[in-house]
Chemist: 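My structure is below; once you've seen it, I'll send some questions.
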2 protein chains.
Amino acid sequence: MTAAPRNVLLMVADDHGYDLGCAGGAVHTPALDRLAAEGTLFTDAYAAVSSCSSSRATLYTGLYAHTNGMYGLSHDVHNFSLRDDVKTLPWMLKQAGYATAIVGKLHVKPEILLDYDAWLLPEQPGIRDVAAMAHEAGDWIRAQGERPFFLTVGYSDPHRAGDATQFANTRDWPQVPRHRYAPADVRIPSHLPDLPAVREDLAQYCEAVSRLDSGVGLMLAELAAAGHADDTLVIYLSDHGRAFPAAKDNLYRAGIHLPLIVRSPRRNSGNLRCRAMVSWVDIAPTILDWAGVAAPADYRYAPLPGRSLLPILETPNPAGWGRVFATRSFHEINQYYPVRSVRTRRHSYFLNLEPSLTVPVAGDVARSPSWQAILATPGARLGKRTLDAFLHRPAEELYDLAADPDEVVNLAADPAHAGTLDELRAQLAAWRIASHDPWMDGVTDPFGPAH
Amino acid sequence: MTAAPRNVLLMVADDHGYDLGCAGGAVHTPALDRLAAEGTLFTDAYAAVSSCSSSRATLYTGLYAHTNGMYGLSHDVHNFSLRDDVKTLPWMLKQAGYATAIVGKLHVKPEILLDYDAWLLPEQPGIRDVAAMAHEAGDWIRAQGERPFFLTVGYSDPHRAGDATQFANTRDWPQVPRHRYAPADVRIPSHLPDLPAVREDLAQYCEAVSRLDSGVGLMLAELAAAGHADDTLVIYLSDHGRAFPAAKDNLYRAGIHLPLIVRSPRRNSGNLRCRAMVSWVDIAPTILDWAGVAAPADYRYAPLPGRSLLPILETPNPAGWGRVFATRSFHEINQYYPVRSVRTRRHSYFLNLEPSLTVPVAGDVARSPSWQAILATPGARLGKRTLDAFLHRPAEELYDLAADPDEVVNLAADPAHAGTLDELRAQLAAWRIASHDPWMDGVTDPFGPAH
C-alpha cells in the first residue's frame, strides 16, 4: 500500500426496499439523504437475486448466486453455502493487506471463505441496537491505525422481527429517536393492496427504516470522528426488497429495485444521480477497483461478470448500462422455484423453469399481517396482479415496462412482441451459459468445454 | 480402551445393487460370498436414500439425509453439505481414541466434520485400482500398532466411468483377474427391459462388480495379514442401487435394496442369513455399539434413529424389524423431486411431494446405453412400468408387495386398501416429524417446540 489508504465501508441493509426520502419516498431518512447529497444515488440499481444469503453471497463474490453456490438461505435446515473454490471480496482484500471486519449480520457460509479478521456483534434475534453497531465499528476502525480497512456493517433492520409490531418496534433503542408513522400517512407501493392491515404493517416497516437510517448516521459520524471520512469509499445498499408480498424473494421490480448510494472521497461534486442500470454483481468489482486489487490469477470464475461503478459516479446517464440479470433458485430449502430474468429499460423477461410449481412465499412474508390480510380479503390483489397470477406463472413472462411498469400484462404470447421475446431469450441464454448456470436443460457440467 | 481393540473396517461400494453370487445373483463374487459365509448376510437391507452423497452422509451420521443436511450431491455445482452441527461417526470414534482413515471415495462434505486422520488414494475419475487401495489400507492398519482403528474403504466400483465400456473395463487393473460376462448370460433385473444394449450394459456392470469383489478379497487378506481378522468388525455395503434406469436415485426396491454383510469376530457360527428389514441409519449405531462409544451428550440430533445390528446378527427372523423409511430430495442440484417413503414386508408407500414435476434421471443413468436404448425403443418399459408412469407419478403410491413385488399397481386410490393407506400415511407423518423433515407442509422450523 502506498499513498493514502483506500478504505471501504460497505453498509448492507436487510430487506430495505427503494424507500428513501431523497428518492421521493414517504419515509424519514435524513442520514441516507445526506449521504446521497454527498455522493451518488443510483436510481436504477438492482439486486441480482431477491433472497438474503444469495444476495449477500453475490455482493461478497461478485458472482451470480447460481454460480457461487449460495442457491438459497444458509442458516439452519436450509444449509446452502458458497462453493469451496470461490474467492470472496473480504478474502481478496485481506490477501492484499487490508484489515477486515464485519459488524452485525453475515448470513453467508462457510465463514472460512470470508475470513474476516473480526466479527463484531453478530446478529441476534430481535436485537436492533444500531448505536452499539456504530460504536463497535468506530472502535475497530480506530484500532487499525494507518492500516487500510474493509468494514462491512450488516444491519438487521428493516427485516421483520417476529414480535408484536413485526419490526422490533416494541421498545426504544439506545441513542436512536423513534420516528413513528401513522398508517393513514404511509404510501402504498404498487405491489400491495390498500388494506388497513397493510397500512399498519408498512407504518411499522417505515419505523424500522428510520431506525436503520439513524444507525447509518451514527456510523458515518464514527467514520468521520476516526478521521476517515475523506479516505473511505462508502457504499450503502440493501440485500433485497421489502419483506412484503410480491417484493422480497421475487424478481419483479419491487423485489430487486433497491437503494444504492456510493460516496467516493474523489467526488468532484455531491448530490449526484446516476440512472445506469447497475447490479449487485458490480459491487465487488467497484470495491476491488477502488482498492486496486485484482481477482486472483487462474481463478475458475474469472473474469467476474460485473463492472466497477467508479467511472460512472458522476455520469447521470452513462452509455452501455441498460441491462441487468437476476436469478432465483430457492429461498428456504423447501421453496424451490427456479427463475431466470433479464431486465432492460423497456422490458423485463422471466423464464420460470418449473412453472408447474406453485410460487412459494417466504416464511416471514407468509406470516405477515399483510399477507394474512390479503388471503382473508376476497378479491384482494397484489397491486394490479391477482393472487392466482402471482402464485401460478407461465413458463415465460414478458412485460413492456413503459406501458406496464407493474409487470402484469404478459406479452410473451403476443405475436407483436415476438422479436423482443426472441432477443431477450437469446440474451438470457447467453448469460446463463456465461454464468455457468447449473439449471441449463440437458447440461450436466456447466463448466464443461462446451460452455 | 481396555482389552482387545475393537476395530472397524467399513467397505462402501458405489452403485452396487443386490447382486451377489451367494444371494443367487448371476455374478461372480467369491470374496463377498466368502465374507457372507463367515458372517451374516442381510437379505432385506435398505439404503435410506438412493443418491451417493446423501446415502454416505446417512452412513456417516446415522441421520436421514433430510436431517443431516446432505439433501443431494456434494461435489461441484451441486454443493450440498452436512449441517455444521452434525457429529459424524469418524469424528465420534476419533474423540474416543480411534485412529481413523478413509481410502478412496468420500463424497461427503465438509471434510472437517468427518475429520479422518488420513485420506488415502482419494477418488480419481476412471481409476479403479482396488489392489492399490487394499495395499494402502494394509500399510495404514499396520502403522497404527495397537491403537484401535476405524477404516473406511470407499470403492468407486461399480459406478459408471464415462468411458467406452461405461464401467472402467477398458484396461486391466493390477492384481485383479478380469471376469468377463457374455451379454447373453446376464440376468435382467425386473426393473429393466430385455434389450441388447441393456444386456451389454449389464455385462459391463457385472465385470465391475467382480473387480470390486476382487478388491474386497485383497482388502480382507490385508486385514488378516495385519493380524486383525479376529478383532475387527467388518461391514460391507453399497451406497445405493445399480446405475441403471429405475434403480439408482429411486426409492423403489431396486434403488435401495442392497447388499449388507456384517462379519463380527464374536460370531458363533458363519453363513448366517438375517431377514430383518434394516436401514443404513442402523450402521452408525452398530459401529458405535461395537466400539462402546456413545453419541455426544446434549446433541441436537439425539437419539439417533437407528439401532445396532449386533444383537440380531445370529437371528434369522428377529421380531420388530419389519419397517424401513427412505427419503429423496435431490440428486443433482437441478433434480428436485422430493419423495418420502415407508416400506414394510407387505407394502411400500410413497409420498411424492411435488407430483407436478417430471421425475429426473441421474446424469450418468441418462447417458447410459440402457436409458438411451429404452428411449429409442417404442413401447419399451422399465420392467413392468411404462416410461410415462415412471416419469410422472401421482402424489401417493401404495403397493402390495406380495401381489406386486415390482411396485407397479398403485393401490392408493383403491378403497379396499384405505386402511393400509391411512396407517402408512400416519407412520410416515410421525417419522417425518421425528426426523425433523424440512419439507413438512407449513412448518418453518422442523426443530421447533411443536415438533
Side-chain angles (χ1 to χ4, degrees), chain A residues 57 65-86 109-113 162 300 329-338 353-358 360-367 392 435-448 451, chain B residues 57 65-86 109-113 162 300 329-338 353-358 360-367 392 435-448 451:
Chain A
H66 61 240
T67 312
N68 65 43
M70 189 66 78
Y71 308 126
L73 294 171
S74 69
H75 69 284
D76 206 71
V77 297
H78 315 298
N79 204 36
F80 289 102
S81 59
L82 291 174
R83 295 185 59 177
D84 301 335
D85 57 355
V86 157
K109 73 174 185 182
E111 286 169 36
I112 188 78
L113 290 184
R300 184 180 201 186
S329 300
F330 300 82
H331 178 62
E332 298 162 33
I333 181 65
N334 61 356
Q335 297 189 325
Y336 182 62
Y337 194 86
L353 298 176
E354 292 290 0
S356 73
L357 295 174
T358 299
V361 177
D364 60 341
V365 174
R367 289 187 299 276
H392 303 105
S435 61
H436 311 290
D437 186 347
W439 274 264
M440 287 185 286
D441 231 17
V443 176
T444 299
D445 177 11
F447 287 85
H451 303 281
Chain B
H66 61 240
T67 312
N68 65 42
M70 188 67 76
Y71 308 126
L73 294 172
S74 69
H75 68 285
D76 206 70
V77 298
H78 316 297
N79 204 35
F80 288 101
S81 58
L82 292 174
R83 295 185 59 176
D84 301 335
D85 56 356
V86 157
K109 71 175 187 179
E111 286 169 37
I112 188 77
L113 290 184
R300 185 182 201 186
S329 300
F330 300 82
H331 178 61
E332 297 162 33
I333 180 66
N334 61 355
Q335 298 189 324
Y336 182 62
Y337 193 87
L353 298 176
E354 292 290 1
S356 73
L357 295 174
T358 299
V361 177
D364 59 342
V365 175
R367 288 187 299 276
H392 303 104
S435 60
H436 311 290
D437 186 348
W439 273 264
M440 287 186 286
D441 231 17
V443 175
T444 299
D445 178 10
F447 289 85
H451 304 281

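Side-chain atoms are counted along with the backbone in the values below, which use heavy atoms only and exclude waters and symmetry mates. Note that the structure is a prediction, hence the values are computed from the model and not measured. Note on naming: letters A, B, ... go to the chains in the order of the sequence lines (proteins, then strands), and numbering restarts at 1 for each one.
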Chemist: Counting heavy-atom pairs under 4.5 Å to chain B, which of A:D85, A:T358, A:L82 comes out on top?
Modeler: A:L82
Chemist: For the residue pair A:I333 and B:P438, what are the closest heavy atoms and their distance?
Modeler: CG2-CB, 3.8 Å
Chemist: Hey, does B:R83 have a side-chain heavy atom less than 4.5 Å from the side chain of A:V77?
Modeler: yes
Chemist: Evaluate the ring planes of B:F330 and A:Y336, with Trp represented by its six-membered ring, and classify them as parallel (under 30°), tilted (30 to 60°) or perpendicular (over 60°).
Modeler: perpendicular
Chemist: Side chain, backbone, both or neither: which part of B:L353 has a heavy atom under 4.5 Å from chain A?
Modeler: neither
Chemist: Would you say that B:E354 contacts A:L357 through its side chain, given a criterion of any heavy-atom pair below 4.5 Å between the two side chains?
Modeler: yes
Chemist: Please give me the minimum heavy-atom distance between B:S81 and A:N79, naming the atom from each residue.
Modeler: O-ND2, 2.6 Å
Chemist: To the nearest 0.5 Å, tell me how far A:H436 NE2 sits from B:D76 CG.
Modeler: 11.0 Å
